[in-house]
Amino acid sequence: MAALPSEFDALLATRREGHGMPRAFYQTEALFEQELSRIWHGGWLFAGFAFEIAKPGDYLTFSVGGTSVLVMRDDGNAVRAFHNVCRHRGTLLCRADAGHVRAIVCPYHSWTYSRQGELVNCHGMQEGLDKSKLGLKPLAVEVVSGLIYVSLAASPPDFAPLREEFEPAARPQGFDRAKIARMIEYDVEANWKLVWENNRECFHCPSCHPQYIKANFDIYEEEYASPAIRAQMAAAVARTHDKWASEGLAITHAEGGLARFPDPDLDLWYAADRTVMVDGFETESMDGKRVAPLMGDYQDCDVGVLRMRSMVNFWVHGSCDHAVAARLSPAGPRKTNVRGYWLVDQFAQEGADYDLEKLLPFWHLTNQQDWDISKWQQKGVDSIGYEPGPLSSQKEYNVDAFIRWYLKQMRAGGASGGKAVPLTRVA
Amino acid sequence: MAALPSEFDALLATRREGHGMPRAFYQTEALFEQELSRIWHGGWLFAGFAFEIAKPGDYLTFSVGGTSVLVMRDDGNAVRAFHNVCRHRGTLLCRADAGHVRAIVCPYHSWTYSRQGELVNCHGMQEGLDKSKLGLKPLAVEVVSGLIYVSLAASPPDFAPLREEFEPAARPQGFDRAKIARMIEYDVEANWKLVWENNRECFHCPSCHPQYIKANFDIYEEEYASPAIRAQMAAAVARTHDKWASEGLAITHAEGGLARFPDPDLDLWYAADRTVMVDGFETESMDGKRVAPLMGDYQDCDVGVLRMRSMVNFWVHGSCDHAVAARLSPAGPRKTNVRGYWLVDQFAQEGADYDLEKLLPFWHLTNQQDWDISKWQQKGVDSIGYEPGPLSSQKEYNVDAFIRWYLKQMRAGGASGGKAVPLTRVA
Amino acid sequence: MAALPSEFDALLATRREGHGMPRAFYQTEALFEQELSRIWHGGWLFAGFAFEIAKPGDYLTFSVGGTSVLVMRDDGNAVRAFHNVCRHRGTLLCRADAGHVRAIVCPYHSWTYSRQGELVNCHGMQEGLDKSKLGLKPLAVEVVSGLIYVSLAASPPDFAPLREEFEPAARPQGFDRAKIARMIEYDVEANWKLVWENNRECFHCPSCHPQYIKANFDIYEEEYASPAIRAQMAAAVARTHDKWASEGLAITHAEGGLARFPDPDLDLWYAADRTVMVDGFETESMDGKRVAPLMGDYQDCDVGVLRMRSMVNFWVHGSCDHAVAARLSPAGPRKTNVRGYWLVDQFAQEGADYDLEKLLPFWHLTNQQDWDISKWQQKGVDSIGYEPGPLSSQKEYNVDAFIRWYLKQMRAGGASGGKAVPLTRVA
């Protein structure tokens, strides 16, 4: 990757330690383009779930800025990813969000590719054209416990460490035995970094998420946990430990507050942990009551919440009965598209086993609250009066970590590192 | 303020004396940014009326480009202005156009500011944070006869000359004893300079404003006033002079045509004068009949029209019974937001004392006619065929003055001068 | 014309011979501006039909980027073209797509121009203003067989060669004795060059235009024509030759496939030819049956299809009974406006002689299919995964020719050449 142009180097240097980032980080078109090429096109991106493309010929598409990725189940049942553009004149090949094809036929001149991406027909072209050099451009793709990751990079970072971390953590949730109960596309009027900064702290939860904070201990960092709260957490940890330790379901994030992520010092761009829920909450629903059949390997509701996330576009919360994921896509300096997924067990039937009116609100509200406040933050940082303020060392350690991770990626030029160091914070 | 980049210096030099400005002045994003910082962020801006924020905790907001200003009545009943962004992460604080608060609480992390702008609570932040350094960023604010002015400049121009000019002129109108009967927000599809150039001449009035020209003598510059017109003006001047001289209501602009404003040579960026109306017109209404109770100190309708304006975002016309003001806000090279205000006496009751259907049309039509023609002018100056033409020395002297004022501000770098020289043109 | 800035020279050099153009050609704002000034403002543009402005004072307007052109029938019945902006302050003069005026009166300050473009009244301006220097800026205009062409260039390319080519070809169609049955404005979400690349090949016809290919031999290039097809073409050619040779209606493009156009080597930016239709097709309608009375000099339906086109904004297909034309206007790197015209004989009456439901579909569908695929191509070339592919030497020779023509214009700096070399490909 080419060196970062010097004007951006100078901009990156304007960030004051322990503070947010200056205004230009959130509104400059040219910086946004650099971020696409150095971060979004460099690391691993969550693209969707393997069950979405269950059969050969099933596909899904995913956009990163102006670039469309095609993820397809091939004839050998393997998951492949390609640039979703014809090698002839560049037309977008698969134009739906998802679908099924026997072969990939360009709608323009009918150049036809197999599900393995080989160019198999380009009738009308001259003799002697070397079809073997005109297959779809393959992209790196990995599947871990039902999650599909792709990378636009020529030499993507090592995926093994994420796999090592996610596989045992994700297996019990059964992402590979799930289905999508609902997807919602959100257009967030904020820079993608504001969306992440919002996601990386629960300092805002008391003011923005009245229902979310009833379910979990996110706002109870060490300094803020009363003896009663501590006792409640400890009891939940002990109870689940006794029950689940042997099955990989033990609580790994046993304290209040958010687990530390990302870690720019250890180059950790992925993390998974399991947290306890507040007494009375079986799942992340409005009243805490179960809203769908148990998922995956779960035997009862007392499994806390599985949380996983990876830089730069994915997070998921898995309860005993459903999971809610988010896939980010940057659409401009002031615009981010987020797809929200609500997953339930593959055999659950709407109406009989679950009801969208009970399944959706907890996270749909939380999402809307987050996108709304991010929009107002964007409007504020656009002001000449905005000056980055101090971050709370107790509550915004992850915002600081995110900013440092971001700056490191921008300076290093791209790939997310992916150093295979285990997460030191895991209990 | 930094020196103007040389490419803009070169652009400014392309204006030919006595002519309009070339195309690039009205469509270039980079020039627009320079205008924001050198003119809009440098001078005094009309923000609203003091009666809009009558009680402690009342506030109004006002946007200049991407920058939001918060104007608030503090606990001591004083008017204050701040940058409307949180000192923590930059979120917009007061998100409505106007409202009332006990304290200014950031919607994101509940940082709380007093009505004086002091940071009084930031629970969750580390010990030792110096709250006194994290109060809202204050902005210069002045109130004159009920008009609120703010400046985004660190060292705003001297406000005293405007005060000296406006206070006696505005007092009889009773802007401090008024209320808003109606506000209309206009999105004008034209550069803000075109809006001003339109405002600064009545050469266009015969073709664009059939109803406006019935009420006043704006189109009768020296060369265009017939003996009958001159006699009518002289009679009105004499009559009001006899009646009102001792009460500061005398006609100060006794001839036809527009008073000269702005004056780049004398650095005059504000002006106030009183003009006569055409016989049969008691007020600026469609039929000339009074449409609301008398305002302020007025004892009868024969008070002509009080006109005040200040660079770069305000003008007002005050009749005996109502006043109509405009507040400009630049929103892009080809877009200007204008708020129109219709004021009446504070005790006037809609339905009983005034009727919007009679109050609004005269100026709402005039406004719409102006924004419409400005839009068509913008479309024309966007053409490569546009070449600035000659300005009428009889009728467009103020357009020329505006352009010269603009060029002087851009070259000087900002502040509006504000030299305390009395208006030489006042009769 | 100024030399092309070096960064564009470098960009132009990135095109690989025999392949499409790289991504930056289709999305860069700065390149688009260069294209406007070097190509669109340099050559001849089709503006409309002479019958649209039949009487003195009739006018039509046409936009190229931000520049509006006014085409007017003057008092002497001649067609004139002007920049459609006032010489005073630049306001757009004629604001409708078409209309009729006694004189051209600026809506702003009533500067008034004769239909010859002379400034005849500017009441309110100072004495001594030289009106003769303030007439509307004239543009080069030419009318050939009822087609109006204008040029924004100070020294337009020689028009004579186009006239020589078009006049005999167009005369029998009777564009000067026609009327518009319908116009449709299309907003195409694609770069104007993609619209042309689409137009210049019928490789895409089998997949995109199921109805179009029933009517003509466009997809039967030498290599793809079966003996039966060849025999059918030969018979049609012979038949019409016998019948029409003396009347200028002979088939000039006697083979299958598209006639070669443009020709960057011979600097040919215009072309006209006549092609045969498939047996059973009297006209370009859905079922091949005639949909309107015969046009022009035609005596029966067996006249094939007259096809004319000129760089950079016009093409037309003329059947025996109607003609369908397209006028392009670039509106941004990713947006092109196209006006579609359906012409019939001037005396044809809707309802009695023709029915829009039968007249429109053939080309309205074809147009929509083309704009749709161009949009998907634009989305694909916006991807970082797009790499220009090889062009078919059998089927995309004209795409290659268009690209080479484009590169030559950009390098040469503007004018379309217009070298008076007869079209060598004419049979």
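The chains referred to below are lettered A, B, ... by the order of the sequence lines, with proteins before strands, and numbering in each begins at 1.
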Which bit of C:Glu197 is near chain A, if near means a heavy-atom gap under 4.5 Å: side chain, backbone, both or neither? both

Once you round to the nearest 0.5 Å, how far does CG of C:Leu328 lie from NZ of C:Lys193? 12.5 Å

Quick one: do C:Arg339 and C:Glu185 make a salt bridge, cutoff under 4.0 Å? yes

Considering only heavy atoms, which portion of C:Tyr224 lies under 4.5 Å from any heavy atom of chain A: side chain, backbone, both, or neither? side chain

Examine whether an atom of A:Leu93 lies under 4.5 Å from a heavy atom of chain C, and if so say whether it belongs to the side chain, the backbone or both; otherwise answer neither. neither

Proximity of C:Trp315 and C:Trp196 rings by center, below 6.0 Å: yes

Thinking salt bridges, do A:Arg80 and A:Asp74 make one under a 4.0 Å N-O criterion? yes

Residue part contacting chain A, namely of C:Pro388, when any heavy atom lies under 4.5 Å: backbone

Salt bridge (Lys or Arg N to Asp or Glu O under 4.0 Å) for C:Glu387 and A:Arg87? Distances and angles first, verdict last. CA-CA 7 Å; C:Glu387 180 187 325; A:Arg87 293 298 306 275; 3.7 Å; yes

Pairing of C:Arg334 and C:Glu29 as salt bridge, 4.0 angstrom limit: no

Among C:Ser392, C:Gly389, C:Cys205, which has the most heavy-atom pairs under 4.5 Å with chain A? C:Ser392

At a heavy-atom distance under 4.5 Å, which candidate from A:Val85, A:Val105, A:Leu134 has the highest pair count against chain C? A:Val85

Note: vs chain C, highest number of non-hydrogen pairs under 4.5 angstrom among A:Gln126, A:His41, A:Lys137 is A:Gln126

Would A:Arg89 and C:Glu201 satisfy salt bridge (Lys or Arg N to Asp or Glu O under 4.0 Å), going step by step from the backbone distance to the final call? CA-CA 12 Å; A:Arg89 302 239 312 257; C:Glu201 47 92 353; 2.9 Å; yes

I'd like to know which of A:Ser68, A:Pro107, A:Ser63, A:Gly124 tops the heavy-atom pair count under 4.5 Å against chain C. A:Gly124

Is A:Leu129 in contact with chain C via its backbone, its side chain, both, or neither, using a 4.5 Å heavy-atom distance? side chain

Per-residue contact mode, C:Ile219 against chain A (heavy atom under 4.5 angstrom): neither

Heavy-atom distance under 4.5 Å to chain A: side chain of C:Gln27, backbone, both or neither? neither

Yes or no on salt bridge (Lys or Arg N to Asp or Glu O under 4.0 Å) for C:Arg260 and C:Asp265, after CA distance, side-chain angles and deciding distance? CA-CA 12 Å; C:Arg260 292 186 179 266; C:Asp265 303 316; over 6 Å; no

Greatest number of heavy atom pairs closer than 4.5 Å to chain A - which of C:Ser393, C:Pro206, C:Cys208: C:Ser393

What part of A:His123 gets closer than 4.5 Å to chain C, counting heavy atoms only: side chain, backbone, both or neither? both

Is it true that C:Lys375 and C:Asp370 have a side-chain N and a carboxylate O under 4.0 angstrom from each other? no

